[in-house]
Amino acid sequence: KKLDVFKDGKRIAQIGAKGYSDYDVYLRERGREYADKRRALYKIRHAENRKVKGSPGWYADRILW
């Protein structure tokens, strides 16, 4: 995984994956227009799991996208 998310010193989630890009990577490498398109597609693709507060998908949506 790309990142560990901690709360009160305890790991609560692992998010992302090595080898996959996220909004920041796309922004730096391909520009805002491309990054915004990828963000929109991510949000559509993960519509259900990114809305479950406290889930890995929720953290990935807020931190990586």
Side-chain angles (χ1 to χ4, degrees):
K1 295 293 181 173
K2 198 180 276 192
L3 295 172
D4 291 327
V5 179
F6 288 86
K7 182 175 183 179
D8 298 325
K10 182 181 175 189
R11 185 177 72 195
I12 56 174
Q14 292 179 307
I15 61 173
K18 290 181 182 177
Y20 287 95
S21 296
D22 55 49
Y23 184 78
D24 187 52
V25 172
Y26 287 129
L27 188 62
R28 283 185 279 119
E29 293 179 357
R30 306 282 298 266
R32 182 167 305 277
E33 184 178 342
Y34 186 81
D36 288 345
K37 286 180 186 177
R38 298 307 307 171
R39 175 188 270 170
L41 293 171
Y42 170 85
K43 290 186 181 279
I44 290 168
R45 195 168 56 250
H46 296 279
E48 289 189 26
N49 68 357
R50 67 183 188 86
K51 294 179 182 178
V52 179
K53 190 172 183 176
S55 70
W58 188 82
Y59 287 110
D61 183 52
R62 274 140 188 89
I63 295 170
L64 299 175
W65 293 95

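On a predicted model such as this, the values are computed, not experimentally measured, just so you know.
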Looking at [X], I'd like to know if its [atom1] atom is crowded, meaning that more than 12 non-hydrogen atoms belonging to other residues, nucleotides or ligands lie closer than 6.0 Å.
X     : atom1 : result
Arg28 : CZ    : yes
Lys37 : NZ    : no
Arg62 : CZ    : yes
Phe6  : CZ    : yes

Q: Check Gln14 against Pro56 and note the closest heavy-atom contact, atom names and distance.
A: O-CB, 3.9 Å
Q: Show which residues join Tyr59 in its hydrophobic cluster (side-chain heavy-atom contacts under 4.5 Å, direct or indirect), or state none.
A: Leu3, Val5, Ile12, Ile15, Tyr23, Tyr26, Leu27, Tyr34, Tyr42, Trp58, Ile63, Leu64, Trp65
**Q.** Euclidean distance, His46 NE2 relative to Ser55 OG, rounded to 0.5 Å
**A.** 11.0 Å
Q: Sequence neighbours left out, what pairs pass salt bridge (charged side-chain N to carboxylate O under 4.0 Å, His left out) with at least one residue falling in residues 48-58?
A: Arg50-Asp61
(Q) Looking at Asp22 and Arg38, is any side-chain nitrogen of the basic one under 4.0 Å from a carboxylate oxygen of the acidic one? (A)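 No, no charged N to carboxylate O under 4.0 Å.
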